[in-house]
**Q** 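Just dropping this structure here.
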Amino acid sequence: MQMKFVVKKACCSGGRVGALELGSCPKPIETPALLLSTRKGLPHFIAPDLLTSLPFPDSHLLQISPLHFLEGLASTTISKIGGLHQMLSLHQYGIAAVARDSIQCLPESKGATKLGPSFETPCGRLSINPKDYVEMISCMRPNIWATLADEVPAWVSEKRNKTSVDRTVRWLDDCLALNPAAGSVFGAVVGGPNFDERKRCALEVAKRNVSGYWIGGFGLGERIEERPALLSAIIDVLPDEKPRMISGLGLPEEILEGIDAGIDLFDSTKDMSPILGNCTCYTCRNHTKAYINHLFNVHEMLAQTLLEIHNTHHYLMFFRVIREAIKDGRFKKFRMTFIESRRVHQETEADCA
């Protein structure tokens, strides 16, 4: 079953609520939504048997980097097993494949060539071309996959930035021409801090036969005050009926900014949240702060597992509250109140330091 996406409500006060249907997920997932980051398909520090403790169906979207699998099982072996869903026994989860992630596989613009992008990984610098990338995607069979992008930091020259757009569009055409037998294609949009290049790239990608859009090149040195206009330059020319995914926005304030612009899917570079007294996650219902502090003091890995469960649960619920605010037409007010409360909290912490 191919991906289906419908916009349920677009709010004049900012943001939109949609429903994303994936063949592997038992229920539609409401957007805006969070993609859980993974290492080789499994969320960091959360064992598969504990995934069911997270909110359902909010937690059933996973983001993988195909580059993680270059060490270990060959792609052909994964294909023989039946793809990632079968190999990981995550039959009811949606999997989105993006070459880069925000933790381990970071884009390295200096190593990119006309043949393909380059990434800094735990195994060193890796380069990949569209043909090899599409072969990996076809073997892994994700529900969604983003095409390759030449992401560049904000300080590169205008010429290099323009080249990154040309390469990204060319690699999109190369990927589509290879006719991969897997998933829904999200065309990559780049352009650095240049509004015209962002718009040019978005217009070119919108002409192609893709199911959605992956927006890259953020979190790479652009000025925060420029970001709303950069997002608008992209979103204003993309069709409303297709979903938009973004990487590089991690703090809650940045998530709210992206939602206000009309982004639907976000990767999960999480802001670390404290243990909350009224939290309903598995960790807070079953363990005390004192116990978790003890686990940290004795260097027990369970401490990281319990905190990861809490932080993931907390962030998923953050998205749920945002969706309700959009439905009720009060997103703008919610965003302003949230940012102000964060500012007061951070100032209080600074005064106590």
Side-chain angles (χ1 to χ4, degrees), residues 25-27 29-30 32-65 68 88-95 101-105 122 249-256 266-325 334 337-353:
C25 295
K27 290 181 64 177
I29 296 173
E30 280 200 323
L34 179 71
L35 292 154
L36 303 189
S37 62
T38 67
R39 170 66 178 164
K40 292 190 175 180
L42 294 174
H44 301 275
F45 298 106
I46 303 178
D49 58 328
L50 289 174
L51 283 176
T52 55
S53 70
L54 296 173
F56 171 83
D58 313 55
S59 61
H60 278 233
L61 275 177
L62 306 178
Q63 179 175 320
I64 66 109
S65 168
H68 289 175
L88 300 169
S89 294
L90 295 174
H91 307 290
Q92 295 189 330
Y93 285 75
I95 295 177
D101 64 23
S102 298
I103 301 173
Q104 292 182 310
C105 292
L249 303 184
L251 294 176
E253 294 89 344
E254 295 175 322
I255 296 293
L256 291 169
F266 297 80
D267 65 2
S268 55
T269 307
K270 292 189 293 294
D271 184 33
M272 301 300 280
S273 305
I275 297 294
L276 303 176
N278 61 347
C279 184
T280 60
C281 78
Y282 170 87
T283 299
C284 295
R285 284 187 288 106
N286 292 281
H287 302 287
T288 64
K289 289 182 182 179
Y291 176 61
I292 296 172
N293 185 60
H294 162 71
L295 293 176
F296 264 115
N297 289 336
V298 298
H299 306 291
E300 172 59 55
M301 196 178 84
L302 178 59
Q304 185 64 56
T305 297
L306 293 175
L307 281 181
E308 189 69 19
I309 290 172
H310 167 77
N311 290 334
T312 301
H313 177 102
H314 190 59
Y315 226 37
L316 289 169
M317 298 308 293
F318 175 58
F319 274 82
R320 189 174 289 185
V321 171
I322 290 170
R323 291 193 294 269
E324 291 303 316
F334 170 83
T337 302
F338 180 88
I339 291 174
E340 177 61 18
S341 66
R342 286 264 295 180
R343 185 189 64 80
V344 171
H345 176 72
Q346 289 166 354
E347 287 179 356
T348 302
E349 282 193 333
D351 290 341
C352 295

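Position 1 is the first residue of the sequence, and the numbers go up from there.
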**Q** Could you tell me whether the side chain of Val321 reaches within less than 4.5 Å of the side chain of Phe334, counting heavy atoms only?
**A** yes

**Q** Return yes if some donor-acceptor pair links the side-chain N/O of Thr283 with the main-chain N/O of Ile309 below 3.5 Å, else return no.
**A** no

**Q** Can you check whether Met317 reaches Arg320 side chain to side chain, under 4.5 Å on heavy atoms?
**A** yes

**Q** Check for a donor-acceptor pair, side chain of Arg323 on one end and backbone N or O of Pro32 on the other, with a separation under 3.5 Å.
**A** yes

**Q** Using side-chain heavy atoms (C-beta onward) and a distance below 4.5 Å, is Leu50 in contact with Tyr282?
**A** yes

**Q** Could you grab the distance from atom CD of Glu340 to atom NE2 of His345, nearest 0.5 Å is fine?
**A** 13.5 Å

**Q** Quick test of your reading of the model: are Glu347 and Arg343 salt-bridged, counting only N-O distances below 4.0 Å?
**A** yes

**Q** Name the one of Thr52, Thr312, Leu51, Leu36 that satisfies side-chain contact (heavy atoms from CB on, under 4.5 Å) with Ser59?
**A** Leu36

**Q** So, His60 side chain and Gln92 main chain: donor-acceptor pair closer than 3.5 Å or not?
**A** yes

**Q** What's the spacing between Phe266 CZ and Leu249 CG if we round to 0.5 Å?
**A** 6.5 Å

**Q** Looking only at heavy atoms, which two atoms of Gly41 and Leu90 are closest? And how far apart?
**A** O-CD1, 3.8 Å

**Q** When rounded to the nearest 0.5 angstrom, what distance separates CD1 in Ile95 from CG in Leu61?
**A** 10.0 Å

**Q** Mind running side-chain contact (heavy atoms from CB on, under 4.5 Å) on Cys281 and His314 for me, showing each step along the way?
**A** CA-CA 8 Å; Cys281 78; His314 190 59; over 6 Å; no

**Q** Got Leu251 and Ile255 here, is their nearest side-chain heavy-atom distance under 4.5 Å?
**A** no

**Q** Using only atom types and a distance under 3.5 Å, with no angle test, would you say the side chain of Gln304 pairs donor to acceptor with the backbone of Met301?
**A** no

**Q** Can you find a pair of side-chain heavy atoms, one from Gln63 and one from Ser37, that are under 4.5 Å apart?
**A** no

**Q** So do His287 and Leu306 actually touch side chain to side chain, heavy atoms under 4.5 Å?
**A** yes

**Q** Kindly state whether the ring of Phe318 and the ring of Phe338 have centres lying under 6.0 angstrom apart.
**A** yes

**Q** Rounded to the nearest 0.5 Å, what separation is found between the CZ atom of Arg39 and the NE2 atom of His68?
**A** 5.0 Å

**Q** If I compare all heavy atoms of Gly250 with all of Glu254, which pair ends up nearest, and what's the gap?
**A** N-OE1, 2.9 Å

**Q** Between the main-chain N or O of Phe45 and the side-chain N or O of Thr305, is there a donor-acceptor pair closer than 3.5 Å?
**A** yes

**Q** Is a side-chain N or O of Ser65 found less than 3.5 angstrom from the main chain of Asp101, in a donor-acceptor match?
**A** no

**Q** Return yes if some donor-acceptor pair links the side-chain N/O of Arg285 with the main-chain N/O of Thr280 below 3.5 Å, else return no.
**A** yes

**Q** May I ask you to decide whether Asp58 forms a salt bridge with Lys27, counting only side-chain N to carboxylate O separations under 4.0 Å?
**A** no

**Q** Flag the pair Pro43 / Glu308 as yes when at least one side-chain heavy-atom distance between them is below 4.5 Å, and no otherwise.
**A** no

**Q** Could you grab the distance from atom CD1 of Ile29 to atom OH of Tyr93, nearest 0.5 Å is fine?
**A** 10.0 Å

**Q** Let me confirm one number: the CG-CZ distance from Leu34 to Phe319, rounded to the nearest 0.5 Å.
**A** 5.0 Å

**Q** With no hydrogens and no angle check, is any side-chain donor or acceptor of Asn311 less than 3.5 Å from a backbone partner on Leu307?
**A** yes

**Q** If you define the side chain from C-beta out and look only at heavy atoms, does anything of Phe296 sit under 4.5 Å from Leu302?
**A** no

